[in-house]
Protein chains: 4
Amino acid sequence: MQEPTERPPTRAVLMDAALAVFTEQTYGGAAVAEVAKRAGMSVGTLYRYFPSKEALGNAVFQRWKGMLVERIAGSGDEPARVMFARMWRLVLDFADEAPDAFAFLEFQQHEGYLDAESVALSERVSAAGEEFVARGQRTGEIRAGDPAMLLALVYGALVGLIKARRGGLKLGAAELEASERAAWALLAAEN
Amino acid sequence: MQEPTERPPTRAVLMDAALAVFTEQTYGGAAVAEVAKRAGMSVGTLYRYFPSKEALGNAVFQRWKGMLVERIAGSGDEPARVMFARMWRLVLDFADEAPDAFAFLEFQQHEGYLDAESVALSERVSAAGEEFVARGQRTGEIRAGDPAMLLALVYGALVGLIKARRGGLKLGAAELEASERAAWALLAAEN
Amino acid sequence: MQEPTERPPTRAVLMDAALAVFTEQTYGGAAVAEVAKRAGMSVGTLYRYFPSKEALGNAVFQRWKGMLVERIAGSGDEPARVMFARMWRLVLDFADEAPDAFAFLEFQQHEGYLDAESVALSERVSAAGEEFVARGQRTGEIRAGDPAMLLALVYGALVGLIKARRGGLKLGAAELEASERAAWALLAAEN
Amino acid sequence: MQEPTERPPTRAVLMDAALAVFTEQTYGGAAVAEVAKRAGMSVGTLYRYFPSKEALGNAVFQRWKGMLVERIAGSGDEPARVMFARMWRLVLDFADEAPDAFAFLEFQQHEGYLDAESVALSERVSAAGEEFVARGQRTGEIRAGDPAMLLALVYGALVGLIKARRGGLKLGAAELEASERAAWALLAAEN
DNA sequence: AATGAATGAGCATTCATTCAT
DNA sequence: GATGAATGAATGCTCATTCAT
């Protein structure tokens, strides 16, 4: 009888390798063979798990976009201020734990190869974000204005912060706190 | 009688075509032949003006990064609040007038091919931004905190806004005003 | 039942094709695609076996230069006269059996692409030849003079002979004998 | 009225440049543009003087092959021994004065592009050589055997010598003398 | 299931040749 | 006559994808 085993799930190994290579070289600039090599497998095996480079790209995109959305999904009825603080931290944690994933998702352009499902997922994420803003507006905590616009601003700020850190900017816990407060000021209803 | 001339400056035509193709397909995903075709020229001609794809990429990058920095360069001794409003508008205008250029510069990852000069130019831009923040902090208009961090946040917010607009978000003049006010709140010293 | 196998050793097939094409068109004038076609393979396959045209050129050069040197290597303590006769015949045989190889090696100029190893091999061959001449001089069989010079003369004569045969000159066994005697006269100590 | 002038004859300048480039890089490996640049002219000008790369190659070949044949042409009724000594020296001088030309003519393979005229010229040269050998045989000075074979041997020896010198072999006047004596031994009738 | 050799279209780049100025 | 910009086919090389083992 065989042990339940603990083999590294091939698909996941491939996706990790793909993420690394895509992040370094861009989806367009990455070679499938390089992904396979990085995963310690043959190209043939890669193609047993993913029918094409495009499919691989989408799988990676969806996996991490999904991971990200899962993190920040839980809502509840907390005040927007509290929820925002939590989300800010969660995304920052995500970017710390999976910096390549965040870079791949947010610092690159994916237009050329994303399939319908990937696009739908992205839209679901935005919708959730806008929903959060709208709710905060309804409770008077968040300033008036197109929720999509406000979301674009704060999320942009967050992405900018993470990009700067990836570029070498060192920030202590206090400063991270400060960044969150500043970002909230962007959102907060004027006194 | 004819005006002294109006020749299409070949180099510029090529760089425009390159910008369009790079923006659509990413530097890594773009084919040099496609750039030449889009410019209405042969590949050979492209290579008479640029020694390599890399050189072309850097030329495009530097041209537009330079353009952008030129726009927002003028400083003066105005209050930070005024200066910020002007800059916000200027970058927005730039992105309206040259949307591909902005997308190419700010929505993509360039790490793989940028040369020293391109990198230096990018750094000069950041330095100018940080200088602006630092000055505002000295006058008490801008909140305390690492200037690089604050710059990353606001510039990220601006990029996020422009990305959202490129993605289809429609905003009127009033809302653009509002976005600027919100962004300033991020920067402004807490009263 | 089948013999253990007889697969065409891909590398060797490629090198044979390369030799043929290089001999016909010169290394510089040969197209890699033509080599692949002649070998009945795709370009991609060629590049799986040789990292570059240069590497292919060097591999072909070294294979045949090595073959040639192997042929004429064995020395022994025979009189120079005997040894010379044998070598003359061996090189002639080599040129008969592998006329393209000899032409490639000796009728062309390789300066541009030969790597260190190829150059070293060539030098080893010359050194062996000079050693033969020097030994013959020590025994008084071969005339005085710079061994390198004498080697250049006889080997040149041999190459000239083979080139003429390749150009259409027909020689019977007796005449080949005569050529050897004449060449030896060049070398022989004056009575 | 115009001065007889002394402009550098464009055609000759081009042919000199071509010789240099062909010698360095082989006809097949040489770029027409490089020839033009080396000649200090534009490609357009080159093409005004030579209708194609092939034509240029043949012109260069014929010019120098012609030069060489001219040198060694004069016959007279001298003894073969004397004539041989003179020719040996003349070719050596030619190779000293125009080393690139000799290398181009004799160290390379030209099969691919030589036209009928070039081939005819080469044949005329051989014929003259064979005639010299035949005459020497008639006077009993040169050993018996196919004149083409004997010519191939001595001329090969001479080419070998010059190639070795080009490769770095240094020879004094005495050794050059010795080389000539050795080469004559190859030809000389066995007493 | 896994491998990696094989394929050939595609890519960046070069080159012989033409032609408007 | 001279120039060199322009052309596009050809070159060396890479890459996504397939398939026999």
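Numbers restart at 1 for each chain; the letters A, B, ... are given by sequence-line order, proteins then strands.
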- Integer-rounded Å distance: F:dT14 C1' and C:F50 CZ: 18 Å

- Atom pair CD (B:E54) and CG (B:D115), whose distance is rounded to the nearest 0.5 Å: 7.5 Å

- Message: Return whichever of D:T45 or B:L46 has its heavy-atom-nearest nucleotide of DNA chain F closer to the 5' end.
- Response: D:T45

- Task: Indicate yes or no: at least one non-hydrogen side-chain atom of C:R166 is less than 4.5 angstrom from one of C:F107.
- Result: yes

- Salt-bridge present (C:R11, C:D16; N to O < 4.0 Å): no

- Query: Quick one: do C:R38 and C:E24 make a salt bridge, cutoff under 4.0 Å?
  - Reply: yes

- Message: Please encode protein proximity along nucleotides 12-21 of chain E as a string of B, S and -, counting only heavy-atom distances under 4.0 Å.
- Response: SBB-SBB---

- Query: Out of curiosity, A:Y49 OH to A:T10 OG1, how far, rounded to the nearest 0.5 Å?
  - Reply: 3.5 Å

- Task: Apply ring pair (Phe, Tyr, Trp, His ring centres under 6.0 Å) to C:Y27 and list each qualifying residue two or more places apart in sequence or on a separate chain.
- Result: C:F22, C:Y113

- Note on the structure: On DNA chain E, more 5' by nearest nucleotide between C:M41 and A:M41 is A:M41

- Length of the line joining C:L14:CG and E:dT7:C1', which is rounded to integer Å: 14 Å

- Message: Rounded to whole Å, please give me the gap between NZ in D:K37 and P in F:dT3.
- Response: 15 Å

- Item | Interatomic distance where CD belongs to C:Q25 and P belongs to F:dG12 [whole Å] | 10 Å

- Item | side-chain hydrogen bond (donor to acceptor under 3.5 Å, both in side chains) between B:T26 and A:Q109, intermediate numbers included | CA-CA 7 Å; B:T26 267; A:Q109 199 182 282; 4.5 Å; no

- Item | CD-OG distance between A:E117 and A:S122, expressed to the nearest 0.5 angstrom | 11.0 Å

- Query: Does a salt bridge link B:K65 with B:E106, judged by any charged N lying under 4.0 Å from a carboxylate O?
  - Reply: yes

- Please give, in whole Å, the distance from E:dA6 C1' to C:R11 CZ? 17 Å

- Note on the structure: Here the distance between atom C1' of F:dA16 and atom CZ of A:F22, to the nearest Å, is 12 Å

- Which nucleotide in F:dA2, F:dT3, F:dA6 has an atom nearest any side-chain atom of B:T10: F:dA6

- Query: Using rotation axes that map the C1' atoms of four end pairs onto the next four (five pairs an end), what angle separates the end axes of the helix from E:dA2-F:dT21 to E:dT21-F:dA2, to 10°?
  - Reply: 0°

- Item | Protein-nucleotide distance (B:L56, atom CG; E:dC11, atom P), rounded to Å | 16 Å

- Query: If only side-chain N and O atoms of B:S42 are considered, is one of them under 4.0 Å from the OP1 or OP2 phosphate oxygen of F:dG8?
  - Reply: no

- Message: Check the phosphate of F:dA5 against B:Y49, side-chain N and O only, distance under 4.0 Å to OP1 or OP2. Yes or no?
- Response: no

